[in-house]
Protein chains: 2
Amino acid sequence: MALPREYPGQSCAMARALEIVGERWTLLILRDAFFGVRRFSDFSRHLGVPRAVLSERLEFLVAEGVLDRVPGPRGRDEYLLSDKGMALWPVLRALAAWGDVHYSPAGPRRVFTHAGCGGTVTPGGHCADCGAHVPVGATVLVPGPGYEGPAEGDAISAALAEPHRLLEPLG
Amino acid sequence: MALPREYPGQSCAMARALEIVGERWTLLILRDAFFGVRRFSDFSRHLGVPRAVLSERLEFLVAEGVLDRVPGPRGRDEYLLSDKGMALWPVLRALAAWGDVHYSPAGPRRVFTHAGCGGTVTPGGHCADCGAHVPVGATVLVPGPGYEGPAEGDAISAALAEPHRLLEPLG
DNA sequence: AGGAATGGTTCGGTGAACGAACTGTATGCG
DNA sequence: CGCATACAGTTCGTTCACCGAACCATTCCT
């Protein structure tokens, strides 16, 4: 594979990680996977990514063991985060925190809260109320002060307007 | 700007962050900036990025306030991380941690340690020895068990083989 | 059986990345 | 001073990945 996603000459772990998840759309696909999106056309509709690109990214992430492709209801396969994929949650949480601080003047659009006590999750992944570390499965996504209603009219965006526990399927 | 870096229809803070730092090479440029690289040709030599791309990325990051362009010795400008840029450190640290766990079978090539006490910095940014939060300026990069010597023969790679405090200039 | 939804693949056009060459300025050296 | 080298980019032709629209096969619903 010539040089589409690779960073030749970089022996750093960061470069290796970016070769896996650094391509355009990949981290947004994984974000949606954390939010509970599992099916091809749900990714497609919610992200607006060209279907050929989505197909290639999903296949690559499955090959790398970041996603698992498992049979779902009615014979339809679903794409689920593996343990390796879930381990990327701190990356996405840190990225969201940075974006919120620097590009959300009206406050965060979405806030992560601790399912146990309802406290806000800090950028470092701890509960601001009880201090405990909040694993991704105990994280609840709720609309924040900067939330402005679904930009798109699709069912995925509508479902994300409601409080929702990460990793659980939407709808 | 049509659609090179943008993710249309995505109102999420993560998508906004990726529009700034999600393009190819950008996070590696910032990684080098954390490691102490400051000058155009040092970035160019160490990364192997096409010079036109490097020029465009640096200009964009300065325009976004992630880097500051300041006059350096002998009339040469230098690119330094702003506070906004330094706030991206948790993202890169999380990415490096993920890459180390999943793509460094011989152990991490580089380890982050706490300048105060020498303890290892956890993926969450705390010192494993004293428990304190380790700010980026108090982080020291040392070669880890998986280190294999500089892949490239340039002076930057050689300088990174020695323990080195982040943000301080190399050499 | 007919129509819609799903999960893709195929294809032509466009824009970004690539690598090599080139420009202009500044510094170092004999 | 004259020359070589380093630096900080810019320019340019080629290649490649992304884009959007159209197409196809299978399954589900009525």
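These figures come from a predicted structure and were not determined experimentally. Excluded from the calculations below are hydrogen atoms, water molecules and symmetry mates; all remaining heavy atoms, backbone and side chain alike, are included. Within every chain, numbering begins at 1; the chains are lettered A, B, ... in the order of the sequence lines, protein sequences first and strands thereafter.
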Requested in this report: Using a 4.0 Å cut-off on protein heavy atoms (strictly under), produce a 5'-to-3' string for nucleotides 6-13 of chain D with B for base contact, S for backbone-only sugar-phosphate contact, and - for none.
Outcome: -SBBBB--
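- Rounding to whole angstrom units, CH2 of residue A:Trp25 and P of D:dC18 are separated by 11 Å.
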Counting only pairs under 3.5 Å, give me each side-chain donor-acceptor contact of residues 88-97 of chain A, with atom names and distances, residues two or more places apart or in other chains.
| unit_1 | atom_1 | unit_2 | atom_2 | d |
| --- | --- | --- | --- | --- |
| A:Arg93 | NE | A:Pro123 | O | 3.3 |
| A:Arg93 | NH2 | A:Gly124 | O | 3.4 |

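- Alongside B:Val140, the hydrophobic cluster contains B:Val111, B:Val142 (criterion: ILVMFWY side chains under 4.5 Å).
- Proximity note for A:Arg24 (side chain, C-beta onward) versus C:dG28, D:dC18, C:dC18: the nearest is D:dC18.
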Which pairs would a plain distance check flag for residues 58-68 of chain A, meaning a side-chain donor or acceptor within less than 3.5 Å of a matching protein atom at least two apart in sequence or in another chain?
| unit_1 | atom_1 | unit_2 | atom_2 | d |
| --- | --- | --- | --- | --- |
| A:Glu64 | OE1 | B:Tyr103 | OH | 2.6 |

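- For B:Arg57 and C:dA17, the shortest distance from a side-chain N or O to OP1 or OP2 is below 4.0 Å.
- By the ring-ring contact (aromatic ring centres under 6.0 Å, His included) test, B:His102 is found to be paired with B:Trp98, residues two or more places apart in sequence or in another chain being considered.
- In this structure, the CG atom of A:Leu54 is 13 Å from the C1' atom of D:dC18, given to the nearest Å.
- Partners of A:Arg31 according to the side-chain hydrogen bond (donor to acceptor under 3.5 Å, both in side chains) rule, which considers only residues two or more places apart in sequence or in another chain, are B:Gln10.
- Atom C1' of nucleotide D:dC19 and atom CD of B:Glu6 are separated by 14 Å, given to the nearest angstrom.
- Side chain to side chain, B:His114 and B:Asp129 fail the donor-acceptor criterion of an N or O pair below 3.5 Å.
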